[in-house]
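Scroll down for the structure; my scribbles are underneath it.
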Amino acid sequence: MPVRPLALTTLILAACIPSESPSLRSGDPAPDFTATSLHDDSPASLTDYHGHVLLVNLWATWCHPCREETPYLQSLYERYHDRGLRILGVSVDRSADHDLVIEFVEEFGVEYDIALDPDARSRTLFHARGLPTSVVFNRDGTVAFSWVGPIPEGDSTFLGGVEAALGR
């Protein structure tokens with residue numbers, strides 16, 4: 001039986017809609033996660049960022065809220081990079097969509113690190129209930145806080161959490 005357009009749209013939106021439960025809780029250790037760097041096909045591991053505040057953002061090219069959020073993430077990277085913030089965008093797009101990921105990164109002028117997770121292992125490890133999902137890690141590799149759904153530009157709660165993790 002063919003999938004109807006409305007049913008397909010519903011499935012895609014359901015994957016993007018945020019849930020009410022956080023992915024990881026404050027103080028939890030970073031999961032043991034490694035993916036492939038888009039830049040040079042090398043392994044990209046969370047341990048590579050030890051000593052920095054790390055914002056991990058799970059996203060996909062087909063996720064509309066992810067597309068809306070990406071320019072804001074880039075602006076956060078530019079604003080806080082000198083203070084030690086690093087961003088690792090983890091694409092859960094299929095391997096066959098590699099070129100779409102490259103186009104997405106170029107379209108939005110993304111300068112932060114991008115990792116490829118075509119098996120979507122990150123969604124399980126980060127307990128992501130939808131896309132986008134973001135987790136901010138302290139410099140010691142523990143969770144500062146989690147954010148499920150798109151980050152509203154200028155949100156004082158989110159920015160306060162980033163500032164606290166950076167040590168104001």
- Item | Within 6.0 angstrom of His81 NE2, more than 12 heavy atoms from elsewhere | yes
- Item | Heavy-atom neighbours of Asp32 CG exceed 12 at 6.0 Å | no
- Message: Between Gln74 (side chain only) and Glu111 (backbone N and O only), is there a donor and an acceptor less than 3.5 Å apart?
- Response: yes
- Message: For a 4.5 angstrom cut-off between non-hydrogen side-chain atoms, does Phe137 reach Val143?
- Response: yes
- Does any donor atom in the side chain of Asp113 or Tyr49 lie under 3.5 Å from an acceptor atom in the other side chain? yes
- Message: Is the shortest side-chain heavy-atom distance between Arg123 and Thr133 below 4.5 Å?
- Response: no
- Query: Would you say the side chain of Phe108 lies within less than 4.5 Å of the side chain of Pro71, judging by non-hydrogen atoms?
  - Reply: yes
- Message: Within the structure provided, determine whether Arg79 and Leu159 are in side-chain contact (heavy-atom separation under 4.5 Å).
- Response: yes
- Just say parallel, tilted or perpendicular for the rings of Phe104 and Trp59, cut-offs at 30° and 60°. parallel
- Query: Does a donor on one side chain and an acceptor on the other come within less than 3.5 Å for Ser134 and Asn57?
  - Reply: yes
- Message: Measuring from atom CD1 of Ile102 to atom CG of Leu116, what distance do you get when rounded to the nearest 0.5 angstrom?
- Response: 8.0 Å
- Message: What I'd like to find out is whether the side chain of Leu55 reaches to under 4.5 Å of the side chain of Tyr80, using heavy atoms alone.
- Response: no
- Task: Determine yes or no for a side-chain-to-main-chain donor-acceptor pair under 3.5 angstrom, with Asp97 supplying the side chain and Leu100 the backbone.
- Result: no
- Close side-chain approach of Ile87 and Val110, heavy atoms under 4.5 Å: no
- Query: Is a salt bridge present between Asp28 and Arg25, judged by a nitrogen-to-oxygen distance below 4.0 Å?
  - Reply: no
- Given side chains that start at C-beta, do those of Glu69 and Pro132 come closer than 4.5 Å, heavy atoms only? yes
